[in-house]
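Below is one structure, written out as structure tokens; the observations come after it.
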Amino acid sequence: MSLVGKVAVVTGAAQGIGRGIALRLAREGADVALVDMNTDRLAQVRAEIMALGRRAMTLVADISVREQVFATVTQTVEQLGGVDIMVNNAGVAQVKALLDVRPDDMGRIFRINVDGTLWGIQAAAEAFKKQGRGGKIINACSIAGHDGYALLGVYSATKFAVRGLTQAAAKELAPHGITVNAYCPGVVGTDMWVEIDRRMAEETGAPIGATYRKYVEGITLGRAETPDDVAGFVAWLAGPDSDYMTGQSVLIDGGLVFR
Ligand SMILES: NC(=O)C1=CN([C@@H]2O[C@H](COP(=O)(O)OP(=O)(O)OC[C@H]3O[C@@H](n4cnc5c(N)ncnc54)[C@H](O)[C@@H]3O)[C@@H](O)[C@H]2O)C=CC1
Ligand SMILES: CC(=O)C(C)=O
């Protein structure tokens with residue numbers, strides 16, 4: 001257990017990849033503050049973590065609102081005694097042809113995926129600097145932050161932006177002992193992909209399930225990714241073995257994209 005005595009904040013922790021990360025960090029010994037807008041599911045994840053013998057708290061917040069993100073970190077420090085790891089995981093997808101995108105389509109997804117990630121970086125960095133013992137910031141990127149995908153163009157743009165923020169923050173925060181990295185999953189069978197598949201069907205006329213199957217067929221390891229596949233890597237990024245790594249957005253996708 002590499003994270004005993006550490007406190008982590010995980011956004012988008014009520015389900016999917018965020019839930020998987022929160023549980024894995026707790027299994028590695030961390031206490032966890034769970035941030036999301038889905039109150040009921042947050043409470044379930046909190047109960048799961050407490051059953052593992054770790055402390056857990058829930059914080060209902062919209063990560064696109066800067067003050068709310070700062071409040072989650074402040075409350076974590078007050079209630080769990082500090083903060084060592086910030087996982088900026090929450091994000092949303094959007095399926096739309098680029099030529100159909102209008103100004104209203106741009107705002108929300110950028111506010112959540114890009115602004116929300118930056119507010120998380122800022123809030124964590126402020127707390128880490130005050131504590132004076134460094135810290136780990138870990139952002140959710142995607143294969144779509146390495147390649148642009150048809151009908152996922154605006155989403156891809158947000159994830160390329162996350163890579164840029166990750167690199168710049170790594171450079172700005174290194175003098176404070178803070179590392180900043182990102183994980184880039186491939187096709188993880190969460191609610192996000194159920195919705196992507198449904199919207200792809202609407203946009204292309206493909207049957208429900210066909211887009212998901214097509215993406216999965218491209219995975220070298222021959223199966224879709226699970227939240228646990230992502231969580232193990234994030235736990236490594238959160239732990240001491242990644243201390244010499246910063247500014248990286250690492251593909252953890254079963255061999256879907258090769259770089
Ligand atoms: N599912 C996949 O195949 C992949 C997902 N990702 C990224 O991983 C992250 C997690 O994805 P999934 O678990 O699949 O998604 P999901 O849709 O299953 O879960 C996302 C969670 O984030 C929360 N959330 C959304 N907007 C929020 C906001 N403004 N404030 C607070 N919480 C908010 C939702 O309530 C939900 O609990 C996202 O950043 C996504 O872009 C990256 C690559 C692949
Ligand atoms: C949801 C996501 O990032 C992809 C490209 O599958």
Side-chain angles (χ1 to χ4, degrees), residues 9-23 33-45 58-69 71-72 87-95 107-120 123 138-163 165-166 182-200 211-216 218-219 223-231 233-234 249-254 256-257:
V9 176
V10 182
T11 70
Q15 66 181 50
I17 295 171
R19 170 180 170 273
I21 291 169
L23 286 167
L34 307 158
V35 180
D36 207 291
M37 296 192 299
N38 188 326
T39 315
D40 292 344
R41 285 191 170 179
L42 268 184
Q44 287 168 24
V45 181
T58 61
L59 294 158
V60 178
D62 178 346
I63 63 147
S64 69
V65 182
R66 187 172 183 271
E67 295 72 27
Q68 292 187 23
V69 178
T72 65
V87 185
N88 293 307
N89 168 75
V92 292
Q94 181 188 84
V95 175
R108 178 170 174 268
I109 189 168
F110 268 89
R111 278 197 301 275
I112 295 173
N113 293 5
V114 184
D115 302 16
T117 300
L118 178 56
W119 309 149
I138 304 166
N139 301 324
C141 188
S142 166
I143 50 170
H146 286 263
D147 275 348
Y149 285 86
L151 301 180
L152 285 165
V154 174
Y155 176 75
S156 294
T158 67
K159 293 301 184 179
F160 271 77
V162 168
R163 273 179 75 193
L165 288 175
T166 300
Y183 51 97
C184 304
V187 180
V188 191
T190 63
D191 285 2
M192 178 175 279
W193 245 102
V194 172
E195 180 59 12
I196 290 173
D197 183 73
R198 187 191 68 76
R199 285 282 303 122
M200 288 281 190
T211 307
Y212 180 72
R213 279 194 300 277
K214 193 182 86 190
Y215 268 77
V216 171
I219 299 174
R223 65 166 174 85
E225 190 163 359
T226 67
D228 283 347
D229 292 322
V230 185
F233 178 59
V234 173
S249 292
V250 180
L251 289 158
I252 166 90
D253 64 354
L256 186 51
V257 172

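Atoms within a ligand are numbered from 1 in the order they appear, just like the ligands themselves. None of the values given here were measured: they were computed from a predicted structure.
Polar contact with ligand 2: present for Trp193 (N/O pair, distance under 3.5 Å). Of the polar atoms of Val187, none of the N or O atoms is found under 3.5 Å from an N or O of ligand 2, judged by distance alone.
Counting the atoms of ligand 2 from 1 in the order shown, those under 4.0 Å from a heavy atom of Ile196 are 1 (C). Counting the atoms of ligand 2 from 1 in the order shown, those under 4.0 Å from a heavy atom of Gly186 are 4 (C), 6 (O). Of all atoms in ligand 2, listed by their number and element, those nearer than 4.0 Å to a heavy atom of Ile143 are 5 (C).
Glu225 is listed as a side-chain neighbour of Ile252, based on a closest heavy-atom distance under 4.5 Å. Val60 places none of its side-chain heavy atoms less than 4.5 Å from the side chain of Asp36.
Of the heavy atoms in Met192, only side-chain atoms (C-beta onward) come closer than 4.0 Å to ligand 2. Of all the heavy atoms of Tyr155, the ones lying under 4.0 Å from any atom of ligand 2 belong exclusively to the side chain.
Looking only at distances, no side-chain donor or acceptor of His146 sits under 3.5 Å from a matching main-chain atom of Cys141.
Residues Asn139 and Thr166 bring a donor and an acceptor atom of their side chains to less than 3.5 Å of each other. In the model, Asp62 has a side-chain atom that pairs as donor or acceptor with a side-chain atom of Ser64 under 3.5 Å.
Taking CG from Leu165 and CZ from Arg163, the interatomic distance works out to 12.0 Å, rounded to the nearest 0.5 Å. Atoms CH2 and OG1, from Trp119 and Thr72 in turn, are 13.5 Å apart once rounded to the nearest 0.5 Å.
Of all heavy-atom pairs spanning Leu251 and Val257, the tightest one is CD1-O, 3.7 Å. Across every non-hydrogen atom of Ile17 and Pro227, the tightest pair is CA-CB, 4.0 Å.
Of the listed residues (Ala144, Cys184, Ser142), the one carrying the non-hydrogen atom nearest atom 3 (O) of ligand 2 is Ser142.
For residues 10-19, the set of pairs meeting the salt bridge (Lys or Arg N to Asp or Glu O under 4.0 Å) definition, not counting sequence neighbours, comprises Arg19-Glu48.
Residues lining ligand 1 at a heavy-atom distance below 4.0 Å are given as Gly12, Ala14, Gln15, Gly16, Ile17, Asp36, Met37, Ala61, Asp62, Ile63, Asn89, Ala90, Gly91, Val92, Ile112, Ala140, Cys141, Ser142, Tyr155, Lys159, Pro185, Gly186, Val187, Val188, Thr190, Asp191, Met192, Trp193, ordered by chain and residue number.
Between Pro185 and ligand 2 there is no heavy-atom distance shorter than 4.0 Å.
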